[in-house]
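Remember, it's 1-based here, ligands and their atoms both numbered in the order they're listed. Since we're looking at a predicted model, the values are computed, not measured.
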Amino acid sequence: MLKSKQTRRVPPASGDTLIEAIPQLVWTARPNGWHEYVNQRWRDYVGLTLEQVQSVWAHFQFIHPDDQEGNRMHWEYALETGAMFEHEERLKQGPTGEYRWFLTRAMPMRDETGQIVTLFGTCTDIDEQKRIEETLRPALERADTLMKSKIIGIFVTEGEQIVDANDTFLRMTSYTREDLRAGCMNVLQMTPPEYMARTLQARQELDTQESMTPYEKEYLCQDGSRLPVLVCGVVFQHSPRQVIHSVLDNSARKELEQHKYDFLNIVSHELGTPLTAVKLQTHLVRKRLEKHSQHEAATELSRVEGPVKQLERLIAELLDASKIQAGRLEYVRKRVDLDELLREVTDTMQHTSPSHTIVVRGSVQTSLIGDRDRLGQVFSNLLSNAMKYSPDAKTVEVELSSSEEAVTILVRDHGLGIPREQCDKIFERFYRADIARLRAIPGLGMGLSIVAEIVKGHGGTIVVDSDVGKGSAFTVTLPRRREA
Ligand code: ADP
C-alpha cells in the first residue's frame, strides 16, 4: 500500500524568529544609549534581562574600559552624520567575565521629521579572527621591516607578472609604483635574452622544489640600463601562486671582477710577450750552440726551458681562472676524435717529461662534440699532475673505455696520494693538499679547478680516488651525445 505523502507544516518565519536564528547579538537603542530591544543571544551573552539593561548607557559596563572611548566617539559621529556606526570592541561575557572581540555595527534610523530616533545594531563575534591577527602580527611586522630594507630588493610575482615590490627594487630598476600598479613589470620582459634560459630553469626549480638556488643574472631597467643582480625566490602562496624574490645589486662586485679580469689580461700579456721572446731566443741560441758542437753549453741552456714552460703555464692558468670567474670561458664545439687527441697529448707529454713512462690501455673508439684544445688541456693537466705528484714512481697509466652513453678516461699514478678528507677540496680554486705543500712541489692550486670547469662545460664529471702513499686515480666521464 502506498503511504500517503506526509507534509510538514512550517510556520511562517516571523521577524523575531529570524533575529533569534542569526549568529549575532542584535539590538535596537535610542540615541541616548537606552536599549529598547535585545535578542536572546545578547541577553545570554551578557547574562542579564532586557529590563536590567534598560537604563541610559547601561550596556557600557560590558564594553572593555579601553574600548569605551572609541565606542562613544563613533556613536556621536553616527548621530551627527547619520553614517553607519562601526567599531571593533571587546565585550564582556557576563557569566564568565571574559572579554571577546566583536564588530559592532548600527544603522541610525530617522523619523519623518529627519530626527534620528533609533539605532539598529548587531555585534559580530570576531574574536578568533582577532586572535589570528595577533598571532600573525609579529610575522607581519617582520615582513614589513624586510620590505623596507634599503639593501635588498624584494618583489612578488604571480606567473611572470610582478604584483608587488619594495621601494628598493623599484629604485634599482628605475620603475615607479605607478608602473607597478599599471602591470608594466614583467619578469620575462625584464630579462635580457642571454639570461632567459637560466631564468626559465629557475622557474622549473620553483615548480619542483618551491624554491630556487640563488643565481646571477641581469635585469633590463626602465631607463634602458642593465642591472647585474644575485636573485633567489621561494613560493609563499599557492592560490593564486605567488613567489617572493629577493634581489641583491651585484654591480659593484661585477665592476670589481671586470677590473680584475682586465688587470689579469694586461698582466698576462705583459708577462707573456717577454717570455715568448726569451723562449725563442733560448731556442735559437741552443740551436746555434748545437750547430757549433758546443753540446755542454747547449744542455746548460736547455735548463732554462723548463722554468720558462712552467711560467707560461702559470700565466695561462691565471688567465683561464679569471675567464672562468667572469663567465667568459667559451668552448668551440667541433667533432673531436678522442683517441687521436689522447695519443697526441701522451706523445707530447712523454717527449717533454721522460722521467715517467706513460702506459695507455684500451681506447674509446669514438668521437664527441667538444673543444679539442680545452679537452687536450684536461688530459695534459691530469698527466702532468700524475708525474709531478709521483716523483719516485716510474709509470703513469691511462685507461680508456666507453659505453653507449659515455666515455671514460682514467689517469692513475703511484705517487704521494691525497688524504680522503681533502679529495673533494682539490677541485676548488687555489686549494693545495697538505702533502703538496709539505713536499714543496711547485703549483698554485688552479689547474684542477680549471680542469673541473672544462669537464663540466662538456657535460661530464671528474672524480678522484686516492690512498696516501699509494697513489691517485682521476676519472673523467664525458657523455657521448649532448643536447646542442
Ligand atoms: P697545483 O698542482 O698547481 O697545486 P692543481 O689544481 O692541479 O694545482 O691541484 C690541486 C692540488 O691537488 C695539488 O696541490 C695537490 O695537492 C693535489 N693533486 C692534484 N693532482 C694530484 C695527484 N696526481 N696526486 C696527488 N695530489 C694531487
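Between Ile426 and ligand 1, not a single N/O pair is under 3.5 Å apart. In terms of polar-atom proximity, defined here as any N/O pair under 3.5 Å, Phe474 makes no such contact with ligand 1. Considering backbone and side-chain atoms alike, Gly445 places an N or O below 3.5 Å from some N or O of ligand 1.
Atoms of ligand 1 lying under 4.0 Å from at least one heavy atom of Met446, given by number and element, are 6 (O), 8 (O). For ligand 1, the atoms lying closer than 4.0 Å to a non-hydrogen atom of Ser472 are 24 (N), 25 (C). Close approach to Lys388 involves these atoms of ligand 1, each under 4.0 Å from a residue heavy atom: 1 (P), 2 (O), 3 (O). Counting atoms of ligand 1 from 1 in the listed order, those under 4.0 Å from a heavy atom of Tyr431 are 10 (C), 11 (C). Counting atoms of ligand 1 from 1 in the listed order, those under 4.0 Å from a heavy atom of Leu444 are 3 (O), 4 (O).
Taking the six-membered ring where the residue is Trp, Tyr219 and Phe155 present perpendicular rings, their angle passing 60° and hence far from 30°.
Between Asp164 and Arg181 there is no salt bridge, since no side-chain nitrogen of the basic residue lies less than 4.0 Å from a carboxylate oxygen of the acidic one. With respect to Arg343 and Asp347, no salt bridge is recorded, no charged nitrogen being found less than 4.0 Å from a carboxylate O. Salt bridge Arg374/Glu453: absent, no basic N to carboxylate O contact under 4.0 Å. Look at Glu290 and Arg286 and you find a salt bridge, because one of the NZ, NE, NH1 or NH2 atoms lies within 4.0 Å of a carboxylate O, short of that distance.
Among all non-hydrogen protein atoms, the one lying nearest atom 21 (C) of ligand 1 is Tyr389 CD1, 3.4 Å. What sits closest to atom 7 (O) of ligand 1 on the protein, heavy atoms only, is Asn385 ND2, 2.8 Å. From the protein, the heavy atom lying nearest to atom 4 (O) of ligand 1 is Arg432 NE, 2.6 Å. In terms of protein heavy-atom proximity, atom 16 (O) of ligand 1 is closest to Ala433 N, 2.9 Å. In terms of protein heavy atoms, atom 5 (P) of ligand 1 is closest to Leu448 N, 3.5 Å.
Relative to the six-membered ring of Tyr261, Arg328 meets both conditions, a distance below 6.0 Å and an angle of at most 45° to the axis.
Between Gly415 and ligand 1 there is no heavy-atom distance shorter than 4.0 Å.
Distance alone, capped at 3.5 Å, is enough to place a donor-acceptor pair between the Ser402 side chain and the Val364 backbone.
In this structure, Phe169 and Ile162 have side chains that are in contact, with non-hydrogen atoms separated by less than 4.5 Å. Using a 4.5 Å heavy-atom threshold, the side chains of Arg313 and Ser384 count as touching.
For atom 23 (N) of ligand 1, the nearest non-hydrogen atom from the set Asp413, Ile418, Val468 comes from Asp413.
Remark: Lys388 NZ to Asn381 CG distance equals 8.0 Å, nearest 0.5 Å.
Residue contacts with ligand 1, taken as heavy atom pairs separated by less than 4.0 Å, do not involve Ile435 at all.
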